Each structure stands twice: as structure tokens, then as C-alpha cells.
Amino acid sequence: MISSTPIAAPPALLSADGLVGVIFLVMIGVTIIGGLIACNSERLVRAVAGLIVCFVGVAGLYYFLNSPFVAMMQVLIYVGAVAVTISFAIMLAAPEEQKKIGVSGPLIGPFGFGTAALIAGGFSVLAVRTEWPVIAKINDGSIKKIGIQLLTNYSMVFELISIVLLIAIIGALVIARVERKN
Amino acid sequence: MSLTLLNVIFAVVVAIAFAAANAAYLVWAERRGAARIQRRPGPNINGPFGLLQPPLDGIKLMAKQLIIPGGADKVLFIAAPVLAMYPAIMSFVTIPFSDTIVAHNINVGILMIFAFASTGSMSLIFAGWSSRNKYSMMSAVRAVSQSVAYEIPMLITTITVVMIAGSMDLMEIVHQQSRSILHWNIFPLLGNSHNILMPASFLIFFICTLAETNRAPFDLGEAESELVAGFHTEYGSMGFGLFFMGEYANIVIGACMTTILFLGGWSCPFGLFPGVWWFLLKLYLLIATFIWIRWTFPRTTIYGLLNLSWKILIPLSLVNLLLTAGLIKVF
């Protein structure tokens with residue numbers, strides 16, 4: 001199934017492959033722009049909007065990578081549930097309050113730039129030097145196949161995720177209890 | 001220009017045109033229906049039966065100035081009405097109207113439609129928040145709690161249907177129901193389910209569709225007797241027009257999903273005149289029911305709304321899910 005092929009010449013822009021490439025680049029751009037908005041906006045609701053843009057971009061990348069199921073789950077859970085819950089929390093807390101959130105922490109300045117440069121450089125070197133294998137489609141991505149895989153080959157991951165969720169629920173309860181006593 | 005690109009452009013244009021035309025003319029149908037129920041003529045001046053009213057209203061709305069209130073968040077204020085319209089248009093990509101009339105059938109069609117439908121409430125949140133208006137804000141909070149509450153029974157009911165069909169492919173779900181009228185998922189005895197609670201399932205799904213599209217008696221988001229006009233208080237001109245059209249486009253999607261999941265899609269009873277018109281007939285009958293319910297039921301309170309979902313619909317749909325699972329295992 002695994003074969004490594006050299007990168008061919010770039011396809012024409014208006015052919016099917018070329019358009020797919022354009023969409024791929026657009027999705028990467030959307031993800032990065034969304035992330036930047038989420039990090040740099042002063043208003044919390046705008047940050048949520050940026051986060052949503054970022055999630056949609058990631059969903060587009062999943063769709064591009066032949067897994068529509070994961071893409072749709074990304075939109076359903078992250079945009080439809082997580083982002084809505086975050087904005088609900090913001091509205092219930094204090095919508096009028098807009099503190100200017102300054103950038104702070106020990107990694108600001110030269111250390112931050114150094115770390116970022118190291119990570120970016122390392123990833124670039126890895127991306128260029130690695131011989132990327134081209135993997136054929138494993139299965140048709142249908143729900144049945146994904147379900148069988150989840151409950152056989154990846155049942156450990158599946159169970160661990162449910163434990164993570166359980167811990168999250170218990171943690172939320174503990175925090176709520178402490179607040180109530182005060 | 002390659003053929004693929006032309007196909008894509010054609011599908012996009014048809015989807016947008018269908019959504020927009022339906023939205024415009026359902027406004028006319030709603031106003032005529034409301035007038036009939038309230039014993040008054042309704043819009044009947046422009047064109048035969050007032051049929052020229054929607055395009056004229058559109059021109060009027062587009063000619064008006066879009067006023068952005070001072071202190072509003074401009075970007076989100078403009079983005080919100082656009083977001084109101086897009087989930088419906090995206091959903092038309094995968095809705096099959098007949099065996100051949102579908103833009104792009106994907107094997108997780110149900111998931112795609114619910115994924116985009118769940119993002120629809122973001123438009124209400126952004127509109128309510130960016131308007132800088134207390135009424136809009138309260139409306140946004142209500143809209144979120146409502147959409148969170150009603151998404152749960154809706155998705156549980158959908159899972160029941162998916163379990164019966166064994167697929168998330170909308171085409172496949174219709175094919176399973178098209179053997180005879182008694183194989184439709186709403187009927188309990190024949191078909192794959194044997195579950196006597198399927199009509200209740202259909203009712204739960206229909207009520208959730210009403211609530212998710214913010215229709216009366218569940219239109220707490222824009223309760224005009226309490227919140228002026230809710231999230232679109234500050235919107236004029238085409239901003240308001242887009243919210244209005246988005247509501248009707250979402251109604252069409254909700255009715256399409258009800259038709260596909262429970263009423264057998266385009267399959268025809270007793271083999272009479274098979275074709276796409278059966279789908280359209282079921283679709284517009286459901287939409288007529290939407291309009292009928294809106295003008296005959298009074299609005300509930302926000303507590304009544306949340307109680308209905310959390311105390312009645314969710315337990316009932318869970319029971320139905322368990323019963324269906326058990327019956328599938330037994331038969």
C-alpha cells in the first residue's frame with residue numbers, strides 16, 4: 001500500500017488537481033488567519049469568532065484528506081457545541097467588561113522569538129528532509145468501517161477518551177463545588 | 001474552464017437560487033396563510049394573488065440604508081446576517097430530491113446537514129451581541145439555551161433512524177423506505193423497526209425542527225411582546241431581509257430532513273407516478289403545517305420551552321432509542 005513517489009510538476013491552475021490545490025491553500029490560510037484573530041483580538045466574542053474560523057479551516061483540511069466523517073464531526077462538535085458553549089459562558093459572565101489583556105509571561109521577547117524560530121526551523125527541516133510515503137485510501141470512510149476500527153484496533157484510544165471526558169466532568173463538578181462554598 | 005469546475009458552479013448556482021426563491025416565496029405564503037387564518041385579505045395588490053410582492057419587497061429592502069448603531073461591533077454586525085443564510089445553502093449540497101437530482105451525495109450526509117445546522121445559532125449570537133442592545137443580548141442568550149436544549153432530542157431521534165437504516169447516507173435511507181408506503185419510518189409495523197413508538201419519534205423530530213428554526217410557538221428569540229424584535233432589533237434594510245430569508249431557508253431544510261428521515265423521501269405510495277414531485281408535495285405540505293402551527297398556537301414561555309425539551313422530549317427520545325435498539329436485536 002505504501003509507495004513513495006517524487007513530487008511531480010505542479011498541475012495547471014484550472015484543472016481538477018489545480019483547483020484542489022487552491023482549495024487546500026485557502027483552507028490553510030483560513031486556519032492560520034482564524035488562529036491569529038483568536039489570539040490577537042481584544043474583545044472575547046471576536047476571539048470566539050476567530051476560533052470558529054480556525055475550526056472551519058481545520059475541518060476543510062480533514063475533508064481534503066479524504067475523511068469527511070472527521071471533518072463533519074469537527075464542525076458539529078467544535079463549531080456547533082464548543083464555540084456555542086464558550087459564547088454562552090461569555091454572555092452569562094460579563095459582556096460589557098472589556099479589559100485590555102496585555103501579553104505577559106516569561107517567554108515574551110527574545111526567548112519567545114527564539115523558541116518560535118527553533119520550532120518553525122525544526123518543522124521546516126523535518127518537512128523537507130522526510131521522504132513522505134503516499135498511502136493509498138485505507139477504506140471508503142463509511143461509518144461502519146470507522147465504527148469497526150474504533151471498537152477493534154483502536155478500542156484502547158476509544159476507552160481512554162471516555163476516561164478523559166469523565167475526568168473533565170468530575171473536575172467541573174469540583175470547581176463548581178468550591179465556588180459554591182465561597 | 002474544465003467540466004468539473006462548470007459542474008461545481010452549476011450546483012452552487014442552483015442551490016443558492018433554490019434557497020433564495022423558496023425563502024422569498026415562503027414569505028408570501030406565510031403572509032397569505034396568516035391573513036386567511038385571521039380572516040383578512042393579506043398581500044393581494046401586486047400581481048395576481050399578490051405574487052409580485054416578494055421581489056418588490058426585496059427591491060425596497062435593498063434600496064434602504066443599512067444603519068449600524070454607534071458602539072456596535074461592525075465586523076460581527078455585518079457578518080451575522082450572512083451567517084444566517086449560509087447553513088441552509090450548504091445543506092442543499094447533499095439533500096437528494098430524487099434518485100438523480102442531488103448535487104453531491106456523501107456517505108455522511110446526515111452528519112453534514114446537522115453539522116451546518118448546529119452552526120446556525122452562531123448567527124443569532126453574533127447578531128445579539130454585536131448590536132449593543134440589551135434586548136438583542138437577552139434574545140441571543142435565549143436562542144443559545146434553546147438551540148442547545150433542542151439539538152439533543154433531535155439528534156437522538158436521528159440516531160434512531162440511522163440505526164434502523166444502518167447508514168448515514170440520505171439516499172440509502174430513502175431507498176430502504178421505498179419498498180412500500182408501510183416501510184416509511186413513520187409507520188411502526190412493517191419495515192425494519194417494528195417499533196410502535198416511531199410516530200412519537202416523528203412528532204419529537206417535528207417539534208425539534210420547529211424549535212431549531214425559531215418558529216412560533218417556540219420563537220422566544222424574537223418574542224416581539226417582550227424583546228422588541230429580539231436579535232434583529234437593530235437591523236434594517238437587507239440585513240433584516242437576510243435574517244428573514246435565512247429563517248425560511250432553514251424551514252425548507254428542516255422539512256426536507258423530516259421528509260427524508262420519516263416520510264420516505266421521493267418514494268411514492270402505491271407506485272403512483274414516481275418522481276421528484278412526491279418529494280416536493282411532502283415538503284410543501286410540511287411547510288404549510290409550519291405556517292398553520294405558527295398562526296394558531298400562542299407563544300410559550302422560556303421555562304415552558306426548556307421544560308418541554310429536558311423533561312419530556314429527551315427522556316422520551318432516549319426510551320425510543322433503547323426500544324428501537326432492543327427490537328432490532330430481537331428481530
Side-chain angles (χ1 to χ4, degrees), chain A residues 11-20 22-23 37 41-53 55-56 59 63 66-93 95-96 98 139-147, chain B residues 1-8 71 73-76 79-80 83 86-87 90 94 104 106-126 128-130 132 134 136-145 147-148 151-152 155 162-163 165-169 172:
Chain A
L13 189 64
L14 280 182
S15 68
D17 282 350
L19 281 176
V20 166
V22 169
I23 292 171
I37 296 173
S41 52
E42 286 168 23
R43 294 175 174 176
L44 271 177
V45 175
R46 274 206 189 177
V48 174
L51 202 62
I52 291 169
V53 173
F55 287 151
V56 171
Y63 194 86
N66 273 328
S67 35
F69 176 75
V70 185
M72 294 312 156
M73 283 317 256
Q74 169 85 11
V75 176
L76 185 69
I77 293 173
Y78 283 92
V79 183
V82 172
V84 168
T85 319
I86 293 175
S87 32
F88 198 36
I90 291 171
M91 284 180 188
L92 286 182
E96 299 299 323
Q98 279 169 17
N139 56 39
D140 56 352
S142 67
I143 307 298
K144 203 170 212 165
K145 297 267 170 61
I146 291 171
Chain B
M1 296 274 265
S2 61
L3 197 63
T4 339
L5 187 57
L6 279 178
N7 277 347
V8 170
D73 189 324
K74 276 198 189 109
V75 178
L76 291 181
L83 282 175
Y86 102 99
M90 286 300 291
T94 192
H104 179 57
I106 60 175
N107 57 15
V108 285
I110 287 191
L111 209 54
M112 172 166 170
I113 286 168
F114 283 108
F116 284 109
S118 71
T119 64
S121 58
M122 291 316 297
S123 135
L124 271 58
I125 294 172
F126 287 155
W129 184 83
S130 66
R132 295 261 131 190
K134 286 211 168 63
S136 301
M137 189 71 206
M138 280 153 90
S139 154
V141 174
R142 281 184 179 188
V144 180
S145 50
S147 90
V148 168
E151 228 160 62
I152 301 169
L155 285 174
V162 168
M163 267 170 33
S167 169
M168 284 202 182
D169 188 333
E172 177 61 29

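Small disclaimer: the values here were computed from a predicted structure and weren't measured. The sequence lines fix the lettering, A, B, ..., with proteins before strands; numbering per chain opens at 1.
Side-chain contact between B/Met122 and A/Ser87 is present, with heavy atoms from C-beta onward closer than 4.5 Å. The closest side-chain heavy-atom distance from A/Val48 to B/Trp129 is not below 4.5 Å.
For A/Tyr78, no part sits under 4.5 Å from any heavy atom of chain B, backbone or side chain. Heavy atoms of A/Ile77 lying under 4.5 Å from chain B are absent altogether. For chain A, the nearby part of B/Val148 is the side chain; its heavy atoms alone come within less than 4.5 Å. Heavy atoms of B/Ile125 lying under 4.5 Å from chain A belong to its backbone as well as its side chain.
The most heavy-atom pairs under 4.5 Å with chain A, out of B/Phe126, B/Phe114, B/Phe116, come from B/Phe126. Highest contact tally toward chain B, considering only A/Met72, A/Gln74, A/Met73, is held by A/Met72 [criterion: heavy-atom pairs under 4.5 Å].
The shortest heavy-atom contact between B/Leu76 and A/Ala49 is CD2-CB, 3.9 Å. The minimum heavy-atom distance linking A/Pro68 with B/Val108 is given by the pair CB-CG2, 4.0 Å. The two residues A/Val84 and B/Ser118 come nearest to each other via the heavy atoms CG2-O, 4.5 Å.
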